[in-house]
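Structure first, commentary second.
Residue numbers run from 1 in the order of the sequence given.
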Amino acid sequence: MMCLLSGCGGGGGGGGLAVSDEPAVEEERFDVNAIGVRTYALNEGGSDSTDSLEPSDFETAEYWGNAYGASPLDVTHFSNAYARGWTGKGSLIVIADTGIDASHIDLAGKIKYSIDYSGAGLTDANGHGSHVAGIVAAVKNDIGMHGAAFDADLAIAKVTSGWSYSFQVARQAAAWGRDLGAVAINMSAAYGRDYSFESTLVKLSDGSYYSSDPYHGVNGYYNSRDEAYAWKAALGSDQVLVKAAGNDGTIYSAGHNQLATATDENGSLILDGQMLIVGNWDADGRFLRGNAAGNVCVTWNDGRCHDAAKIQDSFIMAPGTYIYSTYHNGGYAYLTGTSMAAPMVAGALAVVHQMWPHMSGKNLAKLLLVTADKTVDGYDVTVHGQGLLDMEMATRPYGAVGIPTTGRTSGSVTAVSGGVAVAGASPAQFVALSEVMILDTFERDFYVDLTTRILPIDTRRSNVASAGGIMDHYAAFFESEQHVALPINLSKRARLTFGMGTVENEFLGNRHSGSFGQVKSSTTTYINFDYNRDLFGLNGFAQLAGGMTRPEVETKNSLLTGASNIFSSSWTVGAEMPVDQANFSNKSKIGLALSQPVTIEQGQLNYRIPVGRTKAGSVTYETQSVDLKPAMREFNIASYYDWQLFDGYGHFRLYAEARHNLASSKNNREARIGLQFFMAL
């Protein structure tokens, strides 16, 4: 069966008709669509060199493509995909068309396979095939323009030499591509308008149509139902048929577009979703040119349509108006039509296939459909289908996004949420969490940096300056009813204090939640050794303290697998001098001290982190430990002045403190002064 190439004309081409008829430790979830999550290919590509690249780095003269108005690549946001490292490398696209200019500077290195079904040789004397091939994969070389998937490979199947086209020959090309491992076959062709067929169409209340013709109404236009079985065999299980919708300006897309909705006797789509019908979105005029997404039933009998889907379910738009691309004889040309829109979608499939080579053809097609932009002017699903191709959204997570917990990509996931508020330890110490794999609804792997949720905080609950000397630093972490202490005087100058305390939801002031695990409670046992001695008119004092904390953690639905015992220390040295050395009844004093607050010396959190996936669907994990010992050891210099008032019934304290190596401070330092007034009642 012969037909007309879709979008074969130059300039306006093809007779387009405008158709006018959705704080870090809080239990908040990561908005993975709001952060620039980085993605990696399974085997090749995704180089670390792309880490610092921005979409603007790819928006070159080639990217704009000598466009009269809006760049087709810009309208569909391909630069976002490029900045994430994805350019179609390793993907193969079949171009079933009029051949190719194999010596063209933008195409010569792109042809990996070729076959001539026309008998006239592979050379493109028409220009249509070269134009379509360039839109898919013209090389990025600072010359002319580049394709949507400029690193993809092409398999050129010449199926015609002129404007006529054979879908049966194209089907042979699809089988050839199937055996080569092609991602998609681009078919920029459509049946010409058939007014005899149109006269048999009956409009239904939902705006769709069926044919009253006793043959076409049951079997589809030119037996699309049986043709679908043949095409399914030719495509195989993973190849996608990308087909131009046609340029006749009808409110519906019929003809071979009905392959997408042809349904078997069990009520299942014969092509199983492996087909995309592409309409031409005029980006400057902001309207659809050519055939719209209206449905014509393939199989109508017993007063109803037996199709499992409608044309609109497989219909997506891409720019196809005044598209600048490679042409025959080494040149470039502007062409218009759905023929120009379809290869942009084929290039998009090459890009997402590079990102996730494990995905089936059915899911690759579905991904582009569900992420398409529905905010186009006057959006109507029966006209615009699923919307305009959007590569920014297609390369972001979609649907239920989370951390895999079962070891299989098809298993359940838990939401990425929560954070860590920890003393001293910097995000750099949590580097094990800098590339955690998450999965979306399509089982696509993305990698997020969870260290952005590591918040260094000040966990100190007491200080020598405001206390006016030696104090029990550990006791300050607990409420009185959660804490016991037993002091033992060793001598007039020395004392031991044994203490123990329990606290909920933290350990030594550190807190975790969500994906980082939950601290349910912690119990700390500790010992203080205090010593004081008068020397040269000064009262010297010192304290050395050590503790062991046992955190009880909740690991369910988190990366955390457990926590070790945590050992900590604290020390203070200083001296005090009476203000009035001649009057011992006057308790006024001035003091100076150097101290280290309670600091973790040893302890770790253990995590089981998903780091990748296999094509077979298994999740790869690594066991990592996070050392809780702070990168910097804080120490504090304190001075205080205690002034006795009202014969000892009250006193006034003025104090000052300088803190050094304070991780929760931007410059690691803090200075403070304060005053207190005490009165005995």
Side-chain angles (χ1 to χ4, degrees), residues 422-425 458-478 480 482-503 506-510 522-551 564-577 589-604 627-640 642 655-664 668 670:
V422 62
D458 183 8
T459 60
R460 191 182 70 163
R461 302 293 172 82
S462 63
N463 65 86
V464 173
S466 62
I470 287 287
M471 65 168 300
D472 187 337
H473 290 282
Y474 282 96
F477 287 104
F478 314 106
S480 58
Q482 299 173 313
H483 171 252
V484 294
L486 175 64
I488 300 175
N489 292 320
L490 301 179
S491 68
K492 186 177 180 179
R493 295 173 178 165
R495 181 175 67 177
L496 281 177
T497 300
F498 295 94
M500 182 175 72
T502 300
V503 67
E506 64 178 53
F507 63 92
L508 299 178
N510 300 278
S522 64
T523 299
T524 299
T525 55
Y526 66 92
I527 183 171
N528 290 338
F529 175 70
D530 300 333
Y531 184 81
N532 67 83
R533 181 178 183 129
D534 292 332
L535 187 65
F536 305 119
L538 300 176
N539 175 30
F541 57 85
Q543 181 187 80
L544 180 63
M548 184 189 78
T549 302
R550 178 59 187 170
S564 70
N565 289 333
I566 297 167
F567 297 91
S568 56
S569 71
S570 176
W571 54 262
T572 303
V573 294
E576 295 175 344
M577 180 179 70
K589 61 183 179 179
I590 185 169
L592 183 67
L594 180 67
S595 68
Q596 173 201 287
V598 174
T599 301
I600 294 175
E601 301 291 346
Q602 182 180 324
Q604 62 185 32
D627 186 359
L628 293 174
K629 184 177 181 179
M632 300 183 295
R633 185 179 295 273
E634 181 185 346
F635 67 94
N636 307 320
I637 302 172
S639 62
Y640 50 90
D642 269 5
Y655 63 89
E657 180 183 43
R659 303 179 67 178
H660 298 268
N661 296 335
L662 179 61
S664 60
N668 302 127
E670 181 182 271

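Residues satisfying the side chain to side chain contact (heavy atoms under 4.5 Å, CB included) criterion with Asn661, sequence neighbours excluded, are Met632, Phe635.
Nearest approach of His483 to Tyr526, heavy atoms of both residues: NE2-OH, 2.7 Å. Nearest heavy atom pair, residue Leu592 against residue Tyr640, reads N-CE2, 4.3 Å. Residues Pro487 and Ala485 approach most closely at CD-O, 3.7 Å, considering heavy atoms. Ser570 and Pro597 make their closest contact through OG-C, 4.0 Å (heavy atoms, listed as atom of the first residue, atom of the second, distance). What you find for Gly469 and Glu576 is that their closest heavy atoms are CA-OE2, 4.2 Å. The minimum heavy-atom distance linking Thr572 with Ala593 is given by the pair CG2-CB, 4.4 Å.
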message: Please evaluate residues Tyr655 and Asp642 with respect to the criterion side chain to side chain contact (heavy atoms under 4.5 Å, CB included), reporting the C-alpha separation (whole Å), side-chain torsions for both, the decisive distance (0.1 Å), and the verdict.
response: CA-CA 9 Å; Tyr655 63 89; Asp642 269 5; over 6 Å; no
task: Decide side chain to side chain contact (heavy atoms under 4.5 Å, CB included) for Arg461 and Val598; before the verdict, give the C-alpha distance in whole Å, the side-chain angles of both, and the deciding distance to 0.1 Å.
output: CA-CA 9 Å; Arg461 302 293 172 82; Val598 174; over 6 Å; no
query: What do the steps show when you test Ile566 against Leu628 for side chain to side chain contact (heavy atoms under 4.5 Å, CB included), and what is the final call?
result: CA-CA 9 Å; Ile566 297 167; Leu628 293 174; 4.0 Å; yes
- prompt: Is there a side chain to side chain contact (heavy atoms under 4.5 Å, CB included) between Val464 and Asn636 once you walk through the steps?
  reply: CA-CA 9 Å; Val464 173; Asn636 307 320; over 6 Å; no
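Of the candidates Asn528, Thr525, Ile527, Asn528 is the only one forming a side-chain contact (heavy atoms from CB on, under 4.5 Å) with Tyr474.
Formation of a donor-acceptor pair under 3.5 Å by the Gln596 side chain with backbone atoms of Ser569 is found in this model. At distances below 3.5 Å, at least one donor-acceptor pair connects side-chain atoms of Ser522 with backbone N or O atoms of Glu506.
Taking the side chain as every heavy atom from C-beta outward, Lys629 and Glu601 approach each other to under 4.5 Å. Within the 4.5 Å cutoff, the side chain of Val503 has no heavy atoms near those of the Phe477 side chain. Residues Phe478 and Met500 are not in side-chain contact: their nearest non-hydrogen atoms beyond the backbone lie 4.5 Å or more apart. The side-chain heavy atoms of Arg659 and Asn463, taken from C-beta on, include no pair separated by under 4.5 Å. Between Val484 and Phe498, the closest side-chain pair of non-hydrogen atoms is not below 4.5 Å. Inter-residue side-chain proximity for Glu634 and Thr599 is flagged as unmet; no heavy-atom pair is nearer than 4.5 Å.
Here Arg460 pairs with Glu657 in a salt bridge; the nearest charged N to carboxylate O distance falls below 4.0 Å.
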Pair up each side-chain donor or acceptor in residues 531-551 with any protein partner under 3.5 Å, not counting sequence neighbours, and list the distances.
from   : atom 1 : to     : atom 2 : distance (Å)
Gln543 : NE2    : Met471 : O      : 3.0
Gln543 : NE2    : Asp530 : OD1    : 2.9
Thr549 : OG1    : Thr524 : OG1    : 2.8
Arg550 : NH1    : Ala563 : O      : 3.0
Arg550 : NH1    : Asn565 : OD1    : 3.3

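Taking CG from Leu662 and CG from Asp458, the interatomic distance works out to 5.5 Å, rounded to the nearest 0.5 Å. Between the CD atom of Gln604 and the OG atom of Ser564 there is a distance of 5.0 Å, given to the nearest 0.5 Å.
For Gln602, the CD atom is loosely surrounded, since the number of other residues' heavy atoms within 6.0 Å does not exceed 12.
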